[in-house]
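The structure under discussion appears below in the form of structure tokens.
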Amino acid sequence: MKKAFLQLHFSVFLAGFTGILGKLITLNEGLLVWYRLLLTSVTLYVLFRLQGTFKKLPWKDILPIGATGVVVALHWLFFYGSIKYSNVSIGVVCFSLTSLFTAIFDPLINRRRFDVAEMLLSLLTLAGILLIFHFDTQYRFGIILGIISAMFAALFTVFNKRLIKRFDTSTITFYELSTGFVVLTMALPLYLHFSPVNTLLPSGMDFLYLLVLAWFCTVLMYLLSMNALKKISPFTVNLCFNLEPVYSIVMAFVLFHENKFLNNAFYAGLGCIILSVGLQMLRVAKGKTAADNVSH
């Protein structure tokens, strides 16, 4: 468990950079996600080939893994859309609603009883989001995109929890992201029709940021988080990822001075989210979560 939590929190730290990079990269959200999936899939394929660990799976196994990859691609599209239409701080705070959706989806999909404490902690996170939504009216469209992103993130984690019981994390990650790339490639012409751009190619700096996003904030981050899922419940993993806004917001304040554009309601909402994370970590430390008992 100690190793799993270390892996989880390092992956959360890496995830904290994704919002910053989404702001720095000038491509729209569709192209940004397309390049991220392309670079990640190619990197994983080369690594597995060099290591001799590449595994060919039958279609009956690729389909459920690939479907989960489409879910994560949708999560990224809405997540970066949220950042583009608001800012980093708003986008990553909305991501915190993942724990609420997980507390709902995990019992429904895995047919276990609802955990009342999980729901209460998630509602505390929801209260934080509502505080921000009610008072920061200029960012409402970005908040809506962020909430949809959190829903797909919750589904992604719950589905992954089922997949890692049958496949190793490296195989899952490769087939998920490569399938997400193929599906997004087919949808991209339609996407660009409604969201036209001046150029399809990234600038030199954009390409450098995309490499960091693919290699560190995707390949390394996802392998670490899915290894942690072997010991820790989906709800706890997603709630720990609620710390991602803390890392991202601090960096956004330093790099983009976003604190000048946020009001007291934002900080009150963020306080609710941090409190929900702290209380859940106390529950996990005392071994009182039903989901963790099941996953062990």
Side-chain angles (χ1 to χ4, degrees), residues 10-44 72-96 98 132 136 138-139 141-150 152-153 177 180-181 184-185 188 191-192 195-225 241-262 266 270:
F10 187 58
S11 67
V12 174
F13 176 73
L14 290 174
F17 287 93
T18 60
I20 298 298
L21 291 167
K23 183 76 170 181
L24 291 171
I25 296 170
T26 59
L27 299 170
N28 74 6
E29 60 277 6
L31 286 172
L32 190 161
V33 174
W34 187 83
Y35 277 109
R36 183 182 186 183
L37 288 168
L38 170 63
L39 292 171
T40 303
S41 301
V42 171
T43 300
L44 288 173
V72 76
L74 289 169
H75 157 57
W76 286 349
L77 282 171
F78 282 99
F79 175 70
Y80 288 115
S82 177
I83 289 173
K84 300 291 185 182
Y85 283 97
S86 56
N87 57 41
V88 175
S89 301
I90 293 294
V92 295
V93 163
C94 290
F95 177 75
S96 302
T98 301
I132 298 168
D136 276 332
Q138 60 178 320
Y139 298 128
F141 185 63
I143 290 172
I144 291 170
L145 295 178
I147 292 171
I148 297 172
S149 167
F152 283 117
L177 300 185
F181 168 73
L184 183 56
T185 299
L188 199 59
Y191 190 93
L192 292 176
S195 300
V197 294
N198 294 324
T199 178
L200 299 176
L201 298 175
S203 65
M205 285 304 300
D206 278 350
F207 187 71
L208 178 62
Y209 292 142
L210 284 165
L211 287 177
V212 174
L213 185 62
W215 289 347
F216 295 97
C217 301
T218 308
V219 175
L220 183 57
M221 186 266 286
Y222 272 87
L223 291 177
L224 287 172
S225 63
F241 265 89
N242 286 349
L243 290 172
E244 177 186 337
V246 178
Y247 299 127
S248 295
I249 288 167
V250 170
M251 288 185 279
F253 283 4
V254 173
L255 295 173
F256 309 125
H257 307 290
E258 288 188 359
N259 51 303
K260 295 180 180 179
F261 309 104
L262 302 171
F266 175 86
L270 180 61

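- Distance check, rounded to the nearest 0.5 Å: CG of Leu37 to CG of Leu32 gives 10.0 Å.
- Using a 4.5 Å heavy-atom cutoff, the side chains of Tyr209 and Thr26 are not in contact.
- Remark: of the listed residues Val254, Val93, Val88, Val93 is the sole one forming a side-chain contact (heavy atoms from CB on, under 4.5 Å) with Ile249.
- What you find for Gly91 and Ser86 is that their closest heavy atoms are N-OG, 4.2 Å.
- Distance check, rounded to the nearest 0.5 Å: OG of Ser225 to CZ of Phe10 gives 12.5 Å.
- Interatomic distance, CH2 of Trp76 versus OG of Ser149, reported as 11.0 Å (0.5 Å rounding).
- Partners of Ser203 under the side chain to side chain contact (heavy atoms under 4.5 Å, CB included) rule, at least two apart in sequence or in another chain, are Met205, Asp206.
- Leu184 and Gly30 make their closest contact through CD2-O, 4.0 Å (heavy atoms, listed as atom of the first residue, atom of the second, distance).
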Item to check | Criterion side-chain contact (heavy atoms from CB on, under 4.5 Å) on Thr218 and Leu39, from CA distance to verdict | outcome: CA-CA 10 Å; Thr218 308; Leu39 292 171; over 6 Å; no
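- Contact check for Trp215 versus Leu220: no side-chain heavy atoms found under the 4.5 Å cut-off.
- Put simply, NE2 on His75 and OH on Tyr80 are 8.0 Å apart, with the number rounded to the nearest 0.5 Å.
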Item to check | Verdict with reasoning, Arg36 to Leu21, per side-chain contact (heavy atoms from CB on, under 4.5 Å) | outcome: CA-CA 11 Å; Arg36 183 182 186 183; Leu21 291 167; over 6 Å; no
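- Side-chain contact check for Asn87 versus Phe256: every heavy-atom pair is 4.5 Å or farther apart.
- Take Tyr85 and apply the ring-ring contact (aromatic ring centres under 6.0 Å, His included) test, not counting sequence neighbours, and it matches Phe141.
- Listed by chain and residue number, Phe152 satisfy the ring-ring contact (aromatic ring centres under 6.0 Å, His included) test with Phe78 (two or more places apart in sequence, or in another chain).
- At least one donor-acceptor pair under 3.5 Å links the side chain of Ser248 to the backbone N or O of Gly16.
- For Val197, the side chain to side chain contact (heavy atoms under 4.5 Å, CB included) test picks out Asn28, Leu31, Leu192, Leu200, with sequence neighbours left out.
- Partners of Tyr35 under the side chain to side chain donor-acceptor pair (under 3.5 Å) rule, at least two apart in sequence or in another chain, do not exist in this structure.
- Qualifying side chain to side chain contact (heavy atoms under 4.5 Å, CB included) partners for Leu255, counting only residues two or more places apart in sequence or in other chains: Ile20.
- Annotation: side chain of Phe79 is not in contact with side chain of Cys94 (no heavy-atom distance under 4.5 Å).
- Residue Met221 holds its CE atom at 8.5 Å from CG of Leu213, rounded to the nearest 0.5 Å.
- Considering CZ of Phe216 and CG of Leu14, their distance stands at 8.5 Å, rounded to 0.5 Å.
- Judged by distance alone, the side chain of Thr18 and the main-chain N or O of Ala15 form a donor-acceptor pair under 3.5 Å.
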